[in-house]
Amino acid sequence: MLSLTKTVWKETGLRKPLDPVVLTNRGEVKNFFRTALAWKGTVTPRVIPRVLITAVFSVLVVWWVETFPVFTLPMTPFEYSGAVLGLLLVLRVNAGLDRWWEARKIWGSIVNQSRNLALAGYGYSNIKTGPASKFLRWVAAWPHIMRESLRKEKNLIEVTHLLGDVEAEKVRRSVHMPTYAGSRMIEYVRELRKNGLDDFAFAQVERERALLIDAIGACERIRNTPIPFVLAVKTRRFILLFLLLLPFGLTAKVDWFTPLIVALVSYPLFSLDEIGAELQNPFSPRNLSHLPLNDICNTIESNVMSLEKSE
């Protein structure tokens, strides 16, 4: 499937997604130093420019205080405000992590529901060709359609491979692609009912189909409901004020070491803030550690289509 996808990207000129090795979530390696010093797939490249800006600003503050020693600050307010800032950042990261983990659980249920849907519809059917085969292909294509819908993309490369150009174009032109896929699946279930699909199997198919519609709705809720803007504003405003004033408190104590200390303080602050922002949309391939939806969809397709191959 991966080689097929690469071929279609090359021949059709469709936009290739960003490198999944860099952005998708991957397990940490056991080697401590390899993990600690990792560069790709981390927020470090995105926050380093901000860290450098705070360091340069601190150099200017030290020079200004050395030249015109008229304004410094005690460190006590930073000790208390730092604790409050830490709580805000923990809240922001936890909010993003909750969304990421909920999305992963939903896609875990999609895997099971797709398998159950295929087993009930295809397994209990008296015929294994015609409507049954088409039904199976729609079940295999549905996760790909859901993924493309969540990413607001319409490449549908795998759908074209499974259903053909005509059906893929109909899906592409529909108002809501997963709903259209569900309606097409109902048409084939109706045909299967005429060919021996009993009431028990029909009820099971309808149950799993409804759960898949619920799942895409839950994913759309996560995607379309960002973290409250007021939380992002207050957190970043607090970080900005903290880092702007911190050099004035450090200069009297550490002198020209102030830029280094401010850089070391700003790095975790900017990193935690960026992590919270990155985790808000776990479906977008442009976000770090997004869910490996391509792999999940390919796994579902392989499992579902194996039913036909086993006949």
Side-chain angles (χ1 to χ4, degrees), residues 17-51 81-113 143 146-147 149-152 211 214-240 242-243 264-297 299:
L18 299 179
D19 186 358
V21 176
V22 176
L23 299 180
T24 54
N25 184 60
R26 48 180 175 169
E28 63 178 89
V29 296
K30 293 183 179 180
N31 188 298
F32 173 83
F33 292 102
R34 282 186 59 190
T35 303
L37 302 176
W39 183 264
K40 290 184 178 181
T42 71
V43 298
T44 300
R46 305 190 180 192
V47 302
I48 282 297
R50 307 173 207 173
V51 174
S81 60
V84 175
L85 180 56
L87 290 175
L88 279 176
L89 287 171
V90 168
L91 177 63
R92 179 167 169 80
V93 172
N94 282 345
L97 186 59
D98 285 344
R99 295 160 65 89
W100 187 92
W101 185 242
E102 182 184 1
R104 182 61 188 92
K105 290 193 294 184
I106 292 172
W107 272 89
S109 68
I110 290 172
V111 174
N112 295 332
Q113 290 151 14
M146 295 172 70
R147 181 198 68 224
S149 178
L150 289 173
R151 293 177 175 177
K152 297 183 178 180
L211 288 175
D214 292 343
I216 188 62
C219 290
E220 289 172 344
R221 168 176 52 81
I222 295 173
R223 183 197 64 186
N224 297 334
T225 309
I227 297 295
F229 182 65
V230 63
L231 176 61
V233 170
K234 291 301 179 183
T235 303
R236 292 187 168 181
R237 186 175 294 169
F238 201 172
I239 292 175
L240 179 62
F242 185 87
L243 293 176
L264 293 175
V265 171
S266 65
Y267 175 68
L269 295 181
F270 286 137
S271 296
L272 289 173
D273 174 72
E274 188 67 21
I275 290 171
E278 287 293 322
L279 292 175
Q280 287 191 44
N281 186 354
F283 312 113
S284 174
R286 292 168 180 77
N287 284 14
L288 295 173
S289 293
H290 68 272
L291 294 176
L293 297 188
N294 287 17
D295 293 338
I296 295 174
C297 292
T299 298

Q.
Going by side chain to side chain contact (heavy atoms under 4.5 Å, CB included), name the residues that satisfy it together with Leu85, two or more places apart in sequence or in a different chain.
A. Leu89, Phe238, Ile239, Phe242, Leu269

Q.
Quick check against the 3.5 Å criterion: does Trp107 have a side-chain atom that pairs as donor or acceptor with the backbone of Leu291?
A. no

Q. Which pair of heavy atoms, one from Pro143 and one from Cys297, lies closest together, and at what distance?
A. O-SG, 3.3 Å

Q: With sequence neighbours excluded, tell me which residues meet side chain to side chain contact (heavy atoms under 4.5 Å, CB included) with Arg99.
A: Ile222, Ile227, Gln280

Q) Does the Asn287 side chain pair with the main chain of Glu278, one donor and one acceptor, at a distance under 3.5 Å? A) yes

Q | Listed partners of Gln113 passing side-chain hydrogen bond (donor to acceptor under 3.5 Å, both in side chains), at least two apart | A | none

Q.
Among residues at least two apart in sequence or on other chains, which ones pass salt bridge (Lys or Arg N to Asp or Glu O under 4.0 Å) with Arg236?
A. Asp273

Q | Spatial distance of atom OG1 (Thr299) from atom CG (Asp295) [nearest 0.5 Å] | A | 6.5 Å

Q: With sequence neighbours excluded, tell me which residues meet salt bridge (Lys or Arg N to Asp or Glu O under 4.0 Å) with Glu102.
A: Arg221

Q. Measuring from Leu91:CG to Leu272:CG, what's the distance to the nearest 0.5 Å?
A. 12.5 Å

Q: Output the distance between atom CG (Asn224) and atom CG (Asn281), rounded to the nearest 0.5 Å.
A: 9.0 Å

(Q) Is any side-chain heavy atom of Val233 closer than 4.5 Å to one of Val230? (A) no

Q | Pairwise side-chain contact, Asp214 with Leu211, heavy-atom cut-off 4.5 Å (strictly under) | A | yes

(Q) For a quick test of reading the model, state the closest non-hydrogen atom pair linking Cys219 to Phe283 and the distance between them. (A) O-CE1, 3.4 Å

Q.
Is any side-chain heavy atom of Val111 closer than 4.5 Å to one of Ile296?
A. yes

Q | Set of residues satisfying salt bridge (Lys or Arg N to Asp or Glu O under 4.0 Å) with respect to Arg50, sequence neighbours excluded | A | Glu274

Q. Thr44: what forms a side chain to side chain contact (heavy atoms under 4.5 Å, CB included) with it, not counting sequence neighbours?
A. Trp39, Thr42, Ile48, Tyr267

(Q) Tell me every residue that passes side chain to side chain contact (heavy atoms under 4.5 Å, CB included) with Ile216, counting only those two or more places apart in sequence or in another chain. (A) Met146, Leu150, Pro178, Glu220

Q) What is the distance from atom CH2 of Trp100 to atom NZ of Lys105, rounded to the nearest 0.5 Å? A) 11.5 Å

Q. Do Ser284 and His290 have side-chain heavy atoms sitting under 4.5 Å apart?
A. no

(Q) Between Ser109 and Ile106 (side chain of the first, backbone of the second, donor and acceptor by atom type, cut-off under 3.5 Å), is there such a pair? (A) yes

(Q) Checking Ser149 now: which residues fulfil side-chain hydrogen bond (donor to acceptor under 3.5 Å, both in side chains) with it, not counting sequence neighbours? (A) none

Q: Please check if the side chain of Arg92 supplies one atom and the backbone of Leu231 the other of a donor-acceptor pair under 3.5 Å.
A: no

